[in-house]
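First comes the structure, then the notes that go with it.
Counting starts at 1 for both ligands and their atoms, in listed order.
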Amino acid sequence: MGCFKEVEHNVFTNTRVSLILQSKSNAGCHVRHHSQDVSKYAGVLYESMTDPEFARSHDVDKAPRVFALRKDGTEDTYWEMIKNDNFHRGMVGHSEIVGASAVLHHYPWDDVSSVVDIGSGIGAFSIPLAKMFPHLRITDQDLPEIIKQAQTAWERDAPEALLDDHVEFVALDFFQGVPVAGKDVYYLRNIIHDWPGAEETQILCNVRKAMESNSRVLIHECVLFHSTGTDGLSVAPEPMLPNFGAGSRTAYHQDLTMWFSLNAKERTVDELKIIGQVASIA
Ligand SMILES: C[S@@+](CC[C@H](N)C(=O)[O-])C[C@H]1O[C@@H](n2cnc3c(N)ncnc32)[C@H](O)[C@@H]1O
């Protein structure tokens, strides 16, 4: 794919692309997470799929990741394991790589005054948001240890946004508690895809308790295309393959990553709509 350059037969050299693999950039952190962690989980997929305890389970603690770590004698949960800076900087890198910040240009943020970033990580979304829309009052919410890391990241990367108290950091376990109430937008990016079953309904029900009549919940996920989609967006026009062919590679790759890491998955627009409907009446 042009990552390395063959300078003579069987002799390869780095390029500006391959140097990202070893760089300390946010994209480098993302690549490192995939090459060191996720590939290890992928490597035991066959074994886990033929193991009676793991093969048919949809539990988070029966993901290929758990199978791989048990072999190494480790039992840490995913969220314990990814407390390190590499994962959270990697999420910033991921956002840069897949162009997730496009949402900054495609939502009417000028018409909004307050945003809660739920499961914010270290601010991969909310720091660029604050820089582009300084009028916004932003609340970052994540697990206590991560929210401390978020504060440090904001002090480093967006100190100007902290000057006028437009940003607050409030620890939250989104299964146990309710986010800060009465804000305009409740934004969840790369959160629903971390959970395989009923958990996402529980998260959204807790968000609903915080919402007022003018609040909106925004779910930002990578969407899978299936030719059975009924949303009018999911089927590619001819002569493309109905699922957009190689154009969907990133989505399928991410779907597999969620399976290997958490027994979770990406979803179609229709599946996301159902999750929203279930949470709205639960
Ligand atoms: C895949 S990361 C997404 C981070 C960020 N939203 C983004 O798109 O870059 C998932 C985030 O959910 C947080 N998280 C996991 N379990 C949580 C819980 N029970 N309560 C609150 N946050 C949680 C993690 O700490 C992590 O920051």
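Applying the salt bridge (charged side-chain N to carboxylate O under 4.0 Å, His left out) test to pairs two or more places apart or on separate chains, none has a residue in residues 105-115. Judged as a salt bridge (charged side-chain N to carboxylate O under 4.0 Å, His left out), the pairs with a partner in residues 126-155 (not counting sequence neighbours) are, in order, K83-E145, K131-E160.
Every ring pair (Phe, Tyr, Trp, His ring centres under 6.0 Å) that F54 has, sequence neighbours left out, goes to F67.
For ligand 1, the 4.0 Å heavy-atom shell contains residues W79, H88, M91, G119, S120, G121, A124, D142, L143, I146, L172, D173, F174, F175, R189, N190, I191, D194, W195.
Within 6.0 Å of CZ in F175 there are more than 12 heavy atoms belonging to other residues, nucleotides or ligands.
Between the side chains of Q254 and H94, at least one donor N or O lies within less than 3.5 Å of an accepting N or O.
S23 contributes a side-chain N or O that, together with a main-chain N or O of S25, makes up a donor-acceptor pair within less than 3.5 Å.
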